[in-house]
Amino acid sequence: MARVGGGRLAGMVTAVAKKTEKPLVRLRTRGAGEALLLSEVLAFRRRLMQWYEEHARVLPWRGVSDPYRTWVSEIMLQQTRVAAVIEHYHAFLAKFPTLVSLSLAPEASVLAAWSGLGYYRRARMLHKAAQFIVRELGGVLPGNSIDLKTLPGIGEYTGAAIASISFGESIAVVDGNVERVLLRVTGRPYVSTAAGKKFVHEQAQALVPKKKLSVGVNAAGDHNQAMMELGATVCLPKGPLCGACPVYGLCETKGEHGSAPRTMQRSLPASYLLSLRKRGTVTEVLLSRRSAEVSLMAGMLELPPLPETVVAGREPLLRLRHAITNTNYYVQVFAARGLKDKKMLQAVLAEPEQLEWVRTSRLASHPLTGLARKSLQRLDVMEVRKVRMEGIERALAVEVSPAAFEDGLELDDY
DNA sequence: GAACCGTGGAA
DNA sequence: TTTCCAAGGTT
């Protein structure tokens, strides 16, 4: 790794030094932290694309021709793992197959389809943008990065991604993958400044093919996806697989690089109530709607939260971990049981008007928080409920007595 | 420019 | 159990 003289041979060298004299032509080298040379750019592109053709993962949004679908995939992929997106991508597009259908949908149904993906503002902005496009742009997604960026939820990265992938525009995407690859290849240390960002963008742009090579071949779009693919599958944040890297020979660091400091995580307990009731053949679950004012998951539905003081010493139905930003929540879900739980039921941290009963068969159409969705599925209240539902109902639903809610919770005809 | 916005799988 | 962090954008 250590190099003397601060440079690595780059490109072809034709001049030969005479014996006791200086070279006729100085060897062209690139020092740590410097930009790629032109000869390296061409080699980088070629090696990257050859690798990509062989190793590209098959992903649902690869090879789609509908810009709307590319748009949806790019919004979903923001700060979100591929595996999580795959779980939602098909269902979302089955529910909203076209830009127009999305624009006509109620926001709650869009959020319901987004449940579990997180960053719900993305779904709201996607929805808003679709409505704007239908209302103002004739229902056609803008065809270049400049105009795309005027839409809510589409910034620097996403504008470039859609423009290059859908329309072949020669503009570089810079996501976390691309940044990491370029910092390692050039050996420039990470700095969180505008200058640092500028360097990475310039490098990225220098590498993007200028034009489409031919009809049916999207050089820029494929190149951008290849850069991200390299970062995602080879140039990993920790333990990069340098042995499999197509541009290892062009890389300054061979995997070493600094990264941005991150904020410390903390752990907190959190408790929720599971309360079920049966009305004829219909089973309902009590949910609490988060205020429209809160910044986190505004207006979405969750299990009624309980204070830690009231659950002390009780045995939960379910324990799970749930991470929200920098906090690991160690979550417990409790069932209401009998009269002595009047205390627990009254302790629910929600106003009566926030509470609502939702038919378990219709949970998927409500904007549940990820935690509520996960808990309800884990408890077999949501989705698979044929087999174990009876046991759950006997244990839980029957125990919710009207007396427990006499403080205005309005359980009409339980 | 910094803070904020969700999630879950892997190590 | 705790840490890490992913195809970012908005305010």
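Remember, predicted model here, so these are calculated numbers, not experimental data.
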Task: 5' priority, DNA chain C, between A:Lys149 and A:Gly231 [closest heavy atom] - done: A:Gly231
Open item on the list: To check you understand the geometry: which heavy-atom pair defines the closest contact between A:Val234 and A:Trp51, and what is its length?
Closed with: CG2-CZ2, 3.7 Å
Open item on the list: Under 4.0 Å, counting only non-hydrogen atoms across every strand here, what does A:Ala161 touch: a base, just sugar-phosphate, or nothing?
Closed with: nothing
TODO: Take the protein atom CG of A:Asn326 and the nucleotide atom C1' of C:dC5, then report the distance between them rounded to whole Å.
DONE: 11 Å
Task: Gap in Å between the two C1' atoms, one belonging to B:dA2 and one to C:dA7, rounded - done: 23 Å
- [ ] For C:dT2, take OP1 and OP2 only and decide whether either is under 4.0 Å from a side-chain N or O of A:Tyr330.
- [x] yes
Open item on the list: Under 4.0 Å, heavy atoms only, any strand: does A:Trp61 hit a base, just the sugar-phosphate, or nothing?
Closed with: base
- [ ] For the residue pair A:Met228 and A:Val181, establish whether any side-chain heavy-atom pair is separated by less than 4.5 Å.
- [x] no
Open item on the list: Distance to the ring centre below 6.0 angstrom and angle to the axis at most 45 degrees; does that hold for A:Arg319 and A:Tyr330?
Closed with: no
Open item on the list: Over all strands shown, is A:Ala232 touching base, sugar-phosphate only, or nothing at heavy-atom distances under 4.0 angstrom?
Closed with: sugar-phosphate
- [ ] Scan A:Tyr120 against the nucleic acid and name what it touches under 4.0 Å (heavy atoms): base, sugar-phosphate only, or nothing.
- [x] sugar-phosphate
TODO: For A:Ile162 and C:dA7, give me the distance from atom CD1 to atom C1', rounded to whole Å.
DONE: 11 Å
- [ ] Pick base, sugar-phosphate or nothing for A:Leu59, based on heavy-atom distances below 4.0 Å to the nucleic acid.
- [x] base
Open item on the list: From C-beta outward on A:Asp175, which listed nucleotide comes closest to its side chain: C:dA7, C:dT10, B:dC4?
Closed with: C:dA7
Open item on the list: Does A:Ser267 reach a base, just sugar-phosphate, or nothing at all? Heavy atoms under 4.0 Å.
Closed with: sugar-phosphate
Task: Nearest-0.5 Å distance that lies between atom OG1 in A:Thr80 and atom CD1 in A:Ile86 - done: 12.5 Å
Open item on the list: Can you tell me if A:His322 touches the phosphate of B:dG6, counting only side-chain N or O atoms and a distance under 4.0 Å to OP1 or OP2?
Closed with: no
Open item on the list: Regarding A:Ser295, tell me which of base, sugar-phosphate or nothing describes its non-hydrogen contacts under 4.0 Å with the strands shown.
Closed with: sugar-phosphate
Task: Below 4.0 Å: OP1/OP2 of B:dC5 and any side-chain N or O of A:Thr325 - done: no
- [ ] Ignoring backbone atoms, establish whether A:Gln79 has a side-chain N or O less than 4.0 Å from OP1 or OP2 of C:dG8.
- [x] yes
Open item on the list: For B:dT7 and A:Lys374 - does any side-chain N or O of the residue sit under 4.0 Å from the phosphate oxygens OP1/OP2?
Closed with: no
Open item on the list: Rounding to an integer number of angstrom, what distance separates B:dG6 and C:dA6 when you compare their C1' atoms?
Closed with: 12 Å
TODO: Have a look at A:Met76 and say if it touches a base, only the backbone sugar-phosphate, or nothing, with a 4.0 Å heavy-atom cut-off.
DONE: nothing
Open item on the list: Do A:Met300 and A:Arg289 make a side-chain contact, defined as non-hydrogen atoms from C-beta onward lying under 4.5 Å apart?
Closed with: no
Open item on the list: Side chains of A:Ser170 and A:Gln205, heavy atoms from C-beta outward: is any pair under 4.5 Å?
Closed with: yes
Task: Distance in angstrom units between A:Glu229 CD and C:dA6 C1', rounded - done: 14 Å
Task: Sugar-phosphate only, base, or nothing, as touched by A:Ile324 at under 4.0 Å among non-hydrogen atoms - done: base
Open item on the list: With a cut-off of less than 4.0 Å, is there a side-chain N or O of A:Arg121 near OP1 or OP2 of C:dG8?
Closed with: no
TODO: Only one of A:Val185, A:Leu42, A:Val247 passes side chain to side chain contact (heavy atoms under 4.5 Å, CB included) with A:Leu36; say which it is.
DONE: A:Val185
TODO: Using only heavy-atom distances, decide whether a donor-acceptor pair under 3.5 angstrom links the side-chain of A:Arg122 to the base of B:dC5.
DONE: no
TODO: Please work out if A:Arg124 contacts a base, only the sugar-phosphate, or nothing of the nucleic acid, heavy-atom cut-off 4.0 Å.
DONE: nothing
Task: Short side-chain N/O contact from A:Asn328 to OP1 or OP2 of C:dT2, under 4.0 Å - done: no
Open item on the list: Less than 4.0 angstrom between a side-chain N/O of A:Thr80 and OP1 or OP2 of C:dA6, yes or no?
Closed with: no
TODO: Could you tell me whether A:Met297 contacts a base, only the sugar-phosphate backbone, or nothing, with contacts defined as non-hydrogen atoms closer than 4.0 Å?
DONE: sugar-phosphate
Task: Presence of donor-acceptor pair under 3.5 Å, side chain of A:Arg321 and base of C:dT3 - done: yes
TODO: Pick base, sugar-phosphate or nothing for A:Arg373, based on heavy-atom distances below 4.0 Å to the nucleic acid.
DONE: nothing
TODO: Could you check whether A:Ile75 gets within reach of a base, just the sugar-phosphate, or nothing at all, counting any heavy atom under 4.0 Å?
DONE: nothing
